[in-house]
Protein chains: 4
Amino acid sequence: MSQNRSENQDLRILRTRKMLREAMITLAIQKGFSSVTVNDIVELAMVNRATFYRHYQDKYDLVESYLDELYTELNAAPVSIPGPGEPNPRLMKLFEHIRDNAPFYRAMLGPRGYSGFADRIRRLTEATLRARWEALEGRTRMPPPMVLSYLSHASYGALVWWLEEGMSHSPEQMARWLHQLTLAAFQVD
Amino acid sequence: MSQNRSENQDLRILRTRKMLREAMITLAIQKGFSSVTVNDIVELAMVNRATFYRHYQDKYDLVESYLDELYTELNAAPVSIPGPGEPNPRLMKLFEHIRDNAPFYRAMLGPRGYSGFADRIRRLTEATLRARWEALEGRTRMPPPMVLSYLSHASYGALVWWLEEGMSHSPEQMARWLHQLTLAAFQVD
Amino acid sequence: MSQNRSENQDLRILRTRKMLREAMITLAIQKGFSSVTVNDIVELAMVNRATFYRHYQDKYDLVESYLDELYTELNAAPVSIPGPGEPNPRLMKLFEHIRDNAPFYRAMLGPRGYSGFADRIRRLTEATLRARWEALEGRTRMPPPMVLSYLSHASYGALVWWLEEGMSHSPEQMARWLHQLTLAAFQVD
Amino acid sequence: MSQNRSENQDLRILRTRKMLREAMITLAIQKGFSSVTVNDIVELAMVNRATFYRHYQDKYDLVESYLDELYTELNAAPVSIPGPGEPNPRLMKLFEHIRDNAPFYRAMLGPRGYSGFADRIRRLTEATLRARWEALEGRTRMPPPMVLSYLSHASYGALVWWLEEGMSHSPEQMARWLHQLTLAAFQVD
DNA sequence: ACGTAAGCGAGACGGTACGTCGCGTCTTACC
DNA sequence: GGTAAGACGCGACGTACCGTCTCGCTTACGT
C-alpha cells in the first residue's frame, strides 16, 4: 500500500490522493484525527469508499504517507552541528514547518490525535541528536541510548508546550533554547 | 460512572470490579491495551456485559479507576527536595512501582498501549517537578512551563527506555541519573 | 444458523423473525427472489442489518427456514396409496398449499427465482413417489432411480405449468391427472 | 451484445472470444458456473476486463452465445418421428452431445450451475415433443401444454439422473427408454 | 506495403452488497 | 438491588464484483 508514490503520472491518481489527503487534514482539525472515519474522509473528498482502499490501507496509512512526503523535504536540510549559542538548523526548520501547519499538528498531537504521529516526530529529533552520539560515548557514565531517549522526548515536550501555548516564541528562539538545554545534558558528568 | 468508589461494601460489587480489573490487566499484557475489547474483558472475567457498563463507562474508565487507586498511594510519599547527588524519593518510588508491574506498564506504554496512560505518568513527574517551580522563577530566561514540559517528557523518555531495555539498572540509579539531568537543565543560562 | 427453531419463547425473536420473513416474501413477489438483497429485507422489516445476521446466514437461510416450517405440516398428511383414479392426497395438499401462496411460488420458481427452492419441491414429490419404489423394483427393466427422477421432474413440470397458466384447474384435478400419468409410467414394460 | 456473430473475420476478435469461452468452460468445470466471476474469466483468458465487456454483457451472455452455436448444429438433425420402439434421433444426438461434454454439463446443471442453462435444454426437448402436439390434440382430456411441460421436465429429469449417475447407459438406451415413457403418457386416457 | 481505424491492455473509478465487529442500551428473570 | 442472559440498534469496517471510462499502444485490414 501507499505504493508507487514516486513517478506515478496518472492525473486521476494524483487528484484522488490530493482530495483524500486534504479531506483527512480538514477533518482531523475539525474533530481530532482519532474520531475521523474513512467514511468521513471519502464523503468530504467526494471519492468512493472503495477507491480509498485502492490507495491506502486505512486512515493511518494515509496520514503516514503524508508524513513521508513532508519529512523527505525536511531531511534535505544541512546537518552541521551548531555552535554553543546557535540554533540547530534542522530543528529550526521543523519548528517552522510545524508553525506553518499548527492546526493540523495540534489535531494530531492532542488527546484526540494519533500517537504514532507523535512518535514519528520524536524519532525525527532523535535522529538529529544521534549525530552527536559519538561525542557522547565515554563522556558520561550514563547509557547513551537513555540520554537519547531522554532528550528526544524532552524536545518533543518543549514542542508540545509551544504548540499549545500559542507559539508566541519564534522557531529560532525555540531552537536556541532547546540547543542550550541539550548542551547542558551533554555536559553532565 | 466509576461511581461510589468509596465505602461501597457490597461484596458482589467488589468481586465484580476485582474480576474486571484483573481481566483487563491480563488481556492488556497479552495483546496490548488498545486491542482489548469490552467483550474480551467480560468473557475472561466471567461477568455479564451489562454488568460491566453498570460499573464503568468503557475500558478507559476501568483502567483510569485502577490508576486512581495506584497513584493515591504513590502520592503519599514524602516531598523533600533531595540534595545534589541524592535521588528524588518520589521518583524512586515510581520507578520501583513500575518495575514491580513491568509487564503491565510495557503493555500500556508500548505502541499498542493507551496514550492517556502515558500522559498520566508524565503529569505525575511534572507534579513532582513543579515543587521546584518557584526556585526556577526568575533564575532563567526560559519560560518555566516550557522547562517543565521539557523535563517531564524527558523523564518519561528515560522511563520508557528503561522499561524496554529490560530494567537492567536499579530504580535508585535511574532516579539518580534523572536527578542529575534535571539539575543540569535548571542550571542553564 | 436457523438455530433454536423449536421452543424459543422470546417474543422479540419471534417478532423479528416474523418481520424478516414477511419482508422477504413481499419483496420476492415484487421483484423476484434472486434480486432481493439483505438490505432490502431489513429495510422493509425495519430491523437492523446486524440483527438479520444474528438469525440467518443469508437470504437463502431465511427462505429455507420458512420452507422447513411449511413442509413440516405438509408431511403430516396421510400416506395411503390411492386407487387408479383417485388423487394422491399428499400431492393434493401440496397443490392446495401452492394455490394458496401462488404469488410467492411464482416468485420463487420463475426465472428470477431460486433454484434451490424448485429442487426442494421436486424432492418432496420424489419422496412421495419413493413410497412406490418397491412396487417398481423388478417390474420394469428401467433403473428405478431414473424413473424416479423422471417422474419427480415431470410432476414439477406440471406444477409449473399450472402456476403460470393461472391455476384454472382444481388441485384435485391436477392431482388426478398426475396420478394417471404416473401410473402410465409405472406400467411401461 | 453478442453482436456481429456472423461474418466477423477479424482474427483478434475471434481469438479473444475463443479464449474467453474456453476460460469460462474450464472455470465452470472447476468450481461451478455460478461462482465463476468475470474477473476469473479474463484472468485465465489473459484478456483485459474491458475487452470482455466489449464482447459480452456478462458471463450469462457469454455462455448463451456458446449454447447458440452448439444447438444450431443439433437442430440440423432430421425430424422424423420414430416408431414405437425406436429412439428419437434428435434426442439421441442430444444425449451423445452431452456425453461428449459431460464435465461441462455437470457443472452447468448441478446445484452450483445456471438455471437458465437447464431451462434451455428442457425447451429443446420440448420443441422436439411439440412435433407431436397436433397428434395429441383431442386425443386426451388433459391440456396438451401441461403434458408438454410434464414430459419435457421429465426428460430433463432422466437426463440429470444419467449425468450424475455416471452415464453407464448408452445414449441410444436412454433415448429408447424416454421414448417408451413418452409414448405411455400419450396413451393415457 | 503500408496507413489507419479497430481491437486491445492497463487500470482507475463509482457503485452496491456483502458479512463482521465492537459498542452501548435494553428487557426479563433470577437470587 | 446486583447480576445473568442475550436481543437489539447503530455505525464503521474492509472486501468482492460489477460495469464504465479514459488513454495510449499494436495489429490486422483494406486500398
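Lettering follows sequence order; numbering is per chain, from 1. Keep in mind it's a predicted model, so treat the numbers as computed, not measured.
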Once you round it to whole Å, what is the distance between [atom2] of [N] and [atom1] of [X]?
| X | N | atom1 | atom2 | result |
| --- | --- | --- | --- | --- |
| C:Leu62 | E:dC18 | CG | P | 12 Å |
| B:Leu20 | F:dG2 | CG | P | 15 Å |
| A:Phe52 | E:dA12 | CZ | P | 16 Å |
| D:Lys31 | F:dA16 | NZ | P | 12 Å |
| B:Leu27 | E:dG22 | CG | P | 12 Å |
| D:Gln57 | F:dC17 | CD | P | 21 Å |
| D:Phe33 | F:dC17 | CZ | P | 15 Å |
| C:Glu43 | E:dA17 | CD | C1' | 13 Å |

Side-chain N or O of [X] closer than 4.0 Å to phosphate OP1/OP2 of [N]:
| X | N | value |
| --- | --- | --- |
| B:Thr51 | F:dT3 | no |
| A:Thr16 | E:dC13 | yes |
| B:Asn39 | E:dG22 | no |
| B:His55 | F:dT3 | yes |

One thing to verify: whether C:Asp68 and C:Arg120 come together as a salt bridge, which I'm taking to mean a side-chain N less than 4.0 angstrom from a carboxylate O.
yes
Q) Salt bridge or not for D:Arg21 and D:Glu69, using N-O below 4.0 Å? A) yes
The reported gap from CE in C:Met108 to CD1 in C:Ile29 (rounded to nearest 0.5 angstrom) is 10.5 Å
In this structure, CG of C:Leu20 is separated from CZ of C:Arg15 (nearest 0.5 Å) by 11.0 Å
Letter by letter from the 5' end, nucleotides 20-31 of chain F scores (B base, S sugar-phosphate only, - none; protein heavy atoms under 4.0 Å) BB-----BSS--
Considering only heavy side-chain atoms of D:Thr37, the closest of F:dA7, E:dC8, F:dC18 is F:dC18
In A:Tyr66, A:Phe117, A:Tyr105, A:Tyr60, the residue satisfying ring-ring contact (aromatic ring centres under 6.0 Å, His included) with A:Phe33 is A:Tyr60
ring-ring contact (aromatic ring centres under 6.0 Å, His included) filter on B:Tyr156, not counting sequence neighbours, yields A:His153
For B:His55 and B:Asp61, the nearest pair of non-hydrogen atoms, with its separation, is O-OD2, 4.2 Å
Of C:Val47 and A:Asp58, the one whose nearest nucleotide on DNA chain F sits closer to the 5' end is C:Val47
